[in-house]
Amino acid sequence: YIVARGISVQRLIGVTNSSNTIEDAISTLSYTNNYKQITIITSEFHRYRSEYIFNRILFGQNIRFICSVDDVIEEKKQKKIELIKLKRDN
């Protein structure tokens, strides 16, 4: 997804040994000294939980959060827009 948008594979660090967001943040601790800024890419659905956990575990680090497109959420938004349009037409 992000490589298709121009981000070099060499700049990516995947956290694969964890089973939850807390473990993701703990695993990321080992990289924090090597970078001025860490960008966390997550889904819109997980964004607030990720921000809460990462900001507490990586306290004081320069962290940026980016949401990938979440098809389920986008579908729900579209249905809500269609419902609003339908109500207006009636």
So do Tyr48 and Thr42 actually touch side chain to side chain, heavy atoms under 4.5 Å?
no

Would you give the length of the straight line joining atom CD1 of Ile53 to atom NE2 of His46, rounded to the nearest 0.5 angstrom?
10.5 Å

Answer with yes or no whether the hydrophobic clustering places Ile40 together with Phe59; edges join I, L, V, M, F, W, Y residues whose side-chain heavy atoms lie under 4.5 Å apart.
no

Least distance between heavy atoms, Cys67 atom then Arg47 atom:
SG-CD, 3.4 Å

Straight-line distance of Ser50 OG to Asp24 CG, nearest 0.5 Å:
7.5 Å

Identify the two heavy atoms, one from Leu58 and one from Ala25, that lie closest to each other, and give their separation to 0.1 Å.
CD2-O, 3.9 Å

Answer yes or no: is there a side-chain heavy-atom contact under 4.5 Å between Leu29 and Ile57?
yes

Euclidean distance, Tyr52 OH relative to Ile22 CD1, rounded to 0.5 Å
9.5 Å

Gln37 meets the side chain to side chain contact (heavy atoms under 4.5 Å, CB included) criterion, sequence neighbours left out, with Thr39, Asn62, Arg64

Calculate, to the nearest 0.5 Å, the distance between atoms CD and OG1 belonging to Glu23 and Thr28 respectively.
11.5 Å

Arg56 to Phe54 six-membered ring, cation-pi geometry met (6.0 Å, 45°):
no

